[in-house]
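To start, the structure itself, in structure tokens.
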4 protein chains.
Amino acid sequence: MAGVNKVILLGRLGSDPEVRNLPSGGKVVTFSIATSENYNNKNGEKVEQTEWHRIELWEGLANIAEQYLKKGDMAYVEGRIRTEKWTDKEGIERNTVKIRGNALQLVGGRGAGNDGATESSSTYSGNSGGGYAPKSAPIPMPPPAEMAGSGSDDLPF
Amino acid sequence: MAGVNKVILLGRLGSDPEVRNLPSGGKVVTFSIATSENYNNKNGEKVEQTEWHRIELWEGLANIAEQYLKKGDMAYVEGRIRTEKWTDKEGIERNTVKIRGNALQLVGGRGAGNDGATESSSTYSGNSGGGYAPKSAPIPMPPPAEMAGSGSDDLPF
Amino acid sequence: MAGVNKVILLGRLGSDPEVRNLPSGGKVVTFSIATSENYNNKNGEKVEQTEWHRIELWEGLANIAEQYLKKGDMAYVEGRIRTEKWTDKEGIERNTVKIRGNALQLVGGRGAGNDGATESSSTYSGNSGGGYAPKSAPIPMPPPAEMAGSGSDDLPF
Amino acid sequence: MAGVNKVILLGRLGSDPEVRNLPSGGKVVTFSIATSENYNNKNGEKVEQTEWHRIELWEGLANIAEQYLKKGDMAYVEGRIRTEKWTDKEGIERNTVKIRGNALQLVGGRGAGNDGATESSSTYSGNSGGGYAPKSAPIPMPPPAEMAGSGSDDLPF
DNA sequence: TTTT
DNA sequence: TTTT
């Protein structure tokens with residue numbers, strides 16, 4: 001429980017949320033949201049650079065995302081960075097960086113696609129402002145142990 | 001220059017922005033945005049509590065707010081807390097708390113009121129991650145082109 | 001449950017935390033932390049402007065603050081803005097703005113005062129990333145009704 | 001310029017900052033900071049999981065990091081997530097995720113190593129609250145001393 | 001892969 | 001004063 005690891009994102013979903021039901025009965029929902037920045041490169045040309053953020057939501061937030069979010073929607077997500085190490089089928093070590101969300105705010109549909117409906121707006125929270133699960137959290141936070149193949153951590157030097 | 005004083009808000013404007021042109025030639029725009037929380041009180045009754053945040057934007061952000069924001073719109077505002085002390089006409093000391101914004105993101109119109117238009121979405125920044133506004137910031141950022149590869153890691157999908 | 005109302009502060013305590021035990025058995029701890037910004041005013045003079053933030057912590061975070069924080073310590077606080085309206089003894093309506101904390105990180109003692117001890121560093125979280133109490137929060141969130149009579153606003157010295 | 005991509009970190013440096021001077025004359029400093037979370041796994045065992053964040057700072061912030069940060073120090077960093085794609089010597093596509101910092105706060109030395117010195121505390125900002133590079137960014141960093149004429153401002157509306 |  |  002040391003330090004602060006907080007991410008705040010506001011962007012659009014690149015695809016519908018993917019739902020995964022766990023043997024344990026839990027639920028995980030994942031999707032990507034895009035943020036972008038524009039700048040002029042050294043040749044003076046306009047460049048738009050898009051960053052894709054892989055979001056992972058558990059339990060309550062997973063349910064909400066499953067029900068209310070779809071491709072093209074804009075969402076506010078608060079969470080923490082989580083790197084998962086794994087080995088691909090070629091035996092190559094790889095890292096996946098995800099945002100484990102602990103708060104979600106829907107900020108409106110895709111415009112086209114929600115045919116005139118006003119955008120919605122509701123915040124839902126998992127636990128943990130700083131993204132740190134209290135040791136025995138009354139608000140349940142999926143134990144990382146369930147996070148299949150995730151875990152581990154080590155020094156980058 | 002000590003410490004961090006950062007506010008992140010996402011909510012709707014309670015009124016159109018008010019524009020004030022300064023003798024100095026500068027421009028200030030102010031408006032309020034609402035955020036709310038719902039809970040059950042001790043009698044088990046549902047309560048919605050709204051918090052109104054007085055936003056103040058200067059210069060570039062003031063122009064954008066003036067042009068693109070109106071009552072009912074949802075906006076993301078990042079800024080810092082600022083308490084101003086003043087004396088009212090009865091001679092009573094008072095405090096006003098404002099959010100001096102340094103980043104603004106439009107996240108869609110009011111639904112009704114933007115007659116079918118898709119919601120917009122653009123972030124504009126003043127300076128200062130930590131919320132410390134130099135009056136006329138050059139606003140620098142190295143072009144990503146210079147960012148020469150390093151590191152390692154990757155995704156499994 | 002609409003919108004985002006999030007505050008992130010890193011600064012030093014202006015005084016020891018004040019502990020208040022509630023008839024209900026709950027506990028509230030309040031203290032102020034300072035952040036400051038430096039700039040040159042229009043006459044080119046260096047100015048340091050200090051902002052004092054009134055922090056209010058409940059239950060678990062209150063216990064931690066009571067035990068580990070003291071005047072001069074630096075702390076990271078995450079929370080939400082909360083304006084309380086009250087009437088002073090002259091019958092004048094007043095507002096008090098507080099930061100209701102939902103995460104706390106100790107980032108070191110005062111230097112002098114912790115005579116050589118290395119600074120500590122631990123994050124504790126109440127609930128609610130976005131600061132929104134889930135409708136029936138397992139981590140109890142004090143009903144605003146209980147908050148009565150807290151008010152006043154001013155500096156801790 | 002769409003969306004919000006913001007990261008807030010508070011943790012300790014795993015190594016001294018690495019300085020890289022660019023042919024262009026620019027400077028980049030990189031280092032990793034650790035955050036951790038503690039939880040009990042499904043067997044009830046205490047687990048501490050550390051996340052390492054690769055920080056990249058440019059220009060003004062690079063100078064400050066180079067001068068004032070070293071292994072073991074605690075720092076607050078605000079920035080944005082940036083994934084860089086590259087191909088390793090085996091021809092394998094890889095991603096590197098970095099935090100491009102735009103604000104930096106020193107929050108004290110390592111305890112041991114700054115033998116009794118009080119910890120320092122200063123925030124430096126690059127641009128961009130939301131971390132979005134303005135269209136044609138030069139490269140400088142307003143040194144706090146240069147933070148020329150800020151405000152005025154007030155009027156209690 | 002979103003969106004403007 | 002917004003909105004759902």
Side-chain angles (χ1 to χ4, degrees), chain A residues 9-18 30-38 46-55 64-65 68-77 105-114 117-124, chain B residues 9-18 30-38 46-55 64 68-77 105-114 117-124 155 157, chain C residues 1-5 83 85 95 132 135, chain D residues 1-5 83 85 95 132 135 157:
Chain A
L9 300 171
L10 180 59
R12 289 187 189 281
L13 279 77
S15 60
D16 286 338
E18 298 160 36
T30 52
F31 55 87
S32 291
I33 69 176
T35 58
S36 62
E37 45 181 313
N38 297 285
K46 231 176 165 165
V47 180
E48 174 175 75
Q49 188 168 331
T50 297
E51 178 78 28
W52 285 97
H53 309 269
R54 191 83 191 145
I55 311 296
I64 289 160
Y68 298 111
L69 288 179
K70 64 177 184 313
K71 179 176 172 174
D73 285 350
M74 181 171 280
Y76 170 94
V77 174
Q105 164 91 29
L106 320 177
V107 289
R110 208 171 67 90
N114 71 344
T118 67
E119 71 277 19
S120 53
S121 158
S122 295
T123 301
Y124 306 93
Chain B
L9 301 171
L10 180 59
R12 289 187 189 281
L13 280 78
S15 60
D16 287 337
E18 298 159 36
T30 52
F31 54 89
S32 291
I33 69 176
T35 59
S36 62
E37 46 182 310
N38 296 285
K46 231 175 166 166
V47 180
E48 175 175 74
Q49 188 168 331
T50 297
E51 178 78 28
W52 286 96
H53 308 269
R54 192 83 191 144
I55 311 296
I64 290 160
Y68 298 111
L69 288 179
K70 64 177 185 314
K71 178 175 173 173
D73 285 350
M74 180 170 282
Y76 169 95
V77 174
Q105 164 91 31
L106 319 178
V107 290
R110 206 171 70 92
N114 71 343
T118 67
E119 72 276 19
S120 55
S121 158
S122 296
T123 302
Y124 306 92
L155 330 193
F157 42 94
Chain C
M1 227 94 63
V4 171
N5 172 359
T83 301
K85 298 181 181 311
N95 291 334
Y132 300 95
K135 242 146 206 165
Chain D
M1 226 97 60
V4 172
N5 172 1
T83 300
K85 299 182 181 309
N95 292 333
Y132 300 95
K135 247 142 202 170
F157 53 137

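Numbered from 1 within each chain, the chains take letters A, B, ... in sequence-line order. On a predicted model such as this, the values are computed, not experimentally measured, just so you know.
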For a quick check, tell me whether the side chain of A:Ser36 and the base of E:dT2 share a donor-acceptor pair closer than 3.5 Å. no
To the nearest Å, give me how far apart CD (A:Glu48) and C1' (E:dT3) are. 8 Å
Side chain to side chain contact (heavy atoms under 4.5 Å, CB included) partner of B:Ile33, the single match among B:Met74, B:Arg54, B:His53: B:His53
I want to verify a distance call: between E:dT3, F:dT2, F:dT1, whose nearest atom is closest to the B:Arg12 side chain? F:dT2
Using whole Å, report how far CD of A:Glu37 lies from C1' of E:dT4. 16 Å
Can you tell me the distance, in whole Å, between the CZ atom of A:Phe31 and the P atom of E:dT2? 16 Å
In whole angstroms, how far is the P atom of E:dT2 from the CG atom of A:Asp73? 13 Å
Counting heavy atoms from C-beta on, name the nucleotide in F:dT1, E:dT4, E:dT1 closest to the side chain of B:Ser32. F:dT1
How many Å lie between OH on A:Tyr76 and P on E:dT3, as a whole number? 23 Å
Taking the side chain of A:Trp52 as its heavy atoms from C-beta onward, which of E:dT1, F:dT1, E:dT4 lies nearest to it? E:dT1
Whole Å only: how far is the CG atom of B:Leu69 from the C1' atom of F:dT2? 13 Å
Distance, rounded to the nearest Å, where B:Arg54 contributes CZ and F:dT2 contributes P: 14 Å
Measure CE/A:Met74 against C1'/E:dT3 and give the value in whole Å, please. 7 Å
For A:Ser15, all residues meeting side chain to side chain contact (heavy atoms under 4.5 Å, CB included), sequence neighbours excluded: none
Is it true that a side-chain atom of A:Arg12 and a backbone atom of A:Ala34 form a donor plus acceptor pair closer than 3.5 Å? no
So, taking the atom named NZ in B:Lys71 and the one named CG in B:Asp16, what distance separates them when rounded to the nearest 0.5 Å? 7.5 Å
Kindly point out which of E:dT1, F:dT2, E:dT4 is positioned nearest to the side chain of A:Ser15? E:dT1
